[in-house]
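Below: one structure, written as structure tokens.
Start at 1 and go down the list; that is how both ligands and their atoms are numbered. What's counted below: heavy atoms across the whole structure, side chains too, no hydrogens, waters or symmetry copies. Residue numbers start at 1 and run along the sequence shown.
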Amino acid sequence: MFGLDIGGTGIKGGPVDVSLGTLAGERIRVMTPRPATPEAVAVVCGAVVKQAGYKGVLGATYPGVVKGGRAMTAANVDGEWIGTDIEALLAATTGCDVVAVNDADAAGLAEVRFGAGKGQPGVVVVVTFGTGIGTGVFLNGELLPNTELGHLEIKGGDYEDQAADSAREREDLSWEDWAQHRVSTYLSHLEALLWPDLFILGGGVSKKSDKWLSYVKCKTPVVTAALQNSAGIIGAAMYAREQRS
Ligand code: BGC
């Protein structure tokens, strides 16, 4: 199986051993083209898959809602994506049988089955902090797809704009300030609505958790993602396998 993780800054791909939840070969990373229109991104995805020499079923993440293989929203990507049949578009450039999945759902699936949530019963909420905030909600390891809880309205606005990692950078917040005020406020709202058994915090910031994790305050146990950079690739391939078997 092969996974492609399509993000705002980079497109990453690699072969995946879906029974072990690990990369099964070299991980390829290229810059996301600008503007990140569907056609431009699809051409780059085609080049990544060609470089890897892969043919077969392929899972691809998309940073928005995916229904029936189509992009339904485009919060942090080119608006041209809305309505695009992601699976058909990428099938044309990669020559593969493509299954598309929301990026946080894919990363969450990998974390829940093989990473920080392995063996954890009950409700697990995976939150990815990056350009936006993505969420993956799981009950006993099963995904409830396309939860868009990064867009919870808190303090009168879409809280992704306050608590995403991009907000920390844009406002030049200290790690402490971001984690203690923005992340904790966000997680407290989420837990008041879902009462999860575990939060798994992922995205690029999970690599630097020693700088901020100790400042996060909420009632629910909190851990950081274990698979980090590869969670999206691995989860996309896992999701594709589940859809095609
Ligand atoms: C999108 C989600 C996505 C998240 C992380 C949000 O703005 O609405 O679908 O999972 O960003 O990329």
Side-chain angles (χ1 to χ4, degrees), residues 3-13 29 31-32 34-38 41 45 59-87 99-112 115 117 124-138 143-154 157-170 178 182-183 186-187 189-190 193-194 196 199-207 224-225 227-236 238-239:
L4 266 181
D5 190 7
I6 303 172
T9 38
I11 296 176
K12 296 168 272 183
R29 187 183 192 280
M31 297 302 285
T32 305
R34 298 225 167 264
T37 58
V41 168
C45 289
T61 70
Y62 172 73
V65 173
V66 180
K67 287 290 255 187
R70 275 181 197 277
M72 308 303 286
T73 65
N76 293 303
V77 288
D78 196 289
E80 230 190 273
W81 279 94
I82 296 178
T84 297
D85 184 337
I86 305 166
E87 295 180 352
V99 178
V101 56
N102 170 265
D103 57 355
D105 285 351
L109 198 57
E111 287 296 335
V112 161
V124 175
V125 178
V126 180
V127 185
T128 63
F129 293 91
T131 310
I133 294 179
T135 55
V137 176
F138 296 82
L143 170 69
L144 173 67
N146 288 312
T147 54
E148 284 287 309
L149 299 168
H151 300 293
L152 277 186
E153 200 173 309
I154 303 172
D158 182 337
Y159 210 61
E160 173 176 277
D161 299 338
Q162 304 290 312
D165 189 42
S166 56
R168 182 189 62 79
E169 284 178 348
R170 189 181 59 240
W178 175 71
R182 308 293 173 92
V183 175
Y186 175 67
L187 295 181
H189 273 77
L190 212 48
L193 298 173
L194 291 173
F199 277 128
I200 300 176
L201 308 187
V205 292
S206 57
K207 291 195 286 279
T224 47
L227 303 172
Q228 299 183 349
N229 273 338
S230 305
I233 299 175
I234 295 169
M238 289 168 61
Y239 186 83

Rounded to the nearest 0.5 angstrom, the CG-NZ distance for Asn102 and Lys67 is 11.5 Å
Does ligand 1 have any atom sitting under 4.0 Å from a heavy atom of Thr73?
-> no
Does ligand 1 have any atom sitting under 4.0 Å from a heavy atom of Gly150?
-> no
Value rounded to 0.5 Å, distance of OH in Tyr186 from CD in Gln162 = 13.0 Å
For ligand 1, which atoms sit closer than 4.0 Å to a heavy atom of His151?
-> 1 (C), 6 (C), 7 (O), 8 (O)
Quick one: are Val126 and Ile200 in side-chain contact, heavy atoms under 4.5 Å?
-> yes
Check: Asn76 N/O within less than 3.5 Å of ligand 1 N/O = yes
Rounded to the nearest 0.5 Å, the CD1 atom of Ile233 sits from the CD1 atom of Ile6 at a distance of 11.0 Å
Evaluate the side-chain proximity of Leu187 to Leu201: yes if any heavy-atom separation is below 4.5 Å, no if none is.
-> yes
Backbone or side chain, does any N or O of Asp103 fall under 3.5 Å from an N or O of ligand 1?
-> yes
Atom 9 (O) of ligand 1: which of Glu160, Met72, Glu148 has the nearest heavy atom?
-> Glu148
Interfacing atoms of ligand 1 (cut-off 4.0 Å, heavy-atom, Gly134) = 4 (C), 5 (C), 10 (O)
Report yes or no: does Ile133 have a heavy atom closer than 4.0 Å to ligand 1?
-> yes
Which of parallel (below 30°), tilted (30 to 60°) and perpendicular (above 60°) describes Trp81 and Tyr62?
-> tilted
Residue Ala75 vicinity, atoms of ligand 1 by number, heavy atom under 4.0 Å | 7 (O), 8 (O)
For ligand 1, which atoms, with element, lie under 4.0 Å from some heavy atom of Asn102?
-> 2 (C), 3 (C), 9 (O), 10 (O)
Taking Thr128 for the side chain and Gly203 for the main chain, is one N or O donor matched with an acceptor at less than 3.5 Å?
-> no
Could you pull out all residues at least two apart from Asp165 that satisfy side chain to side chain donor-acceptor pair (under 3.5 Å)?
-> Arg168
Within reach of ligand 1, part of Pro63 (heavy-atom separation under 4.0 Å) | both
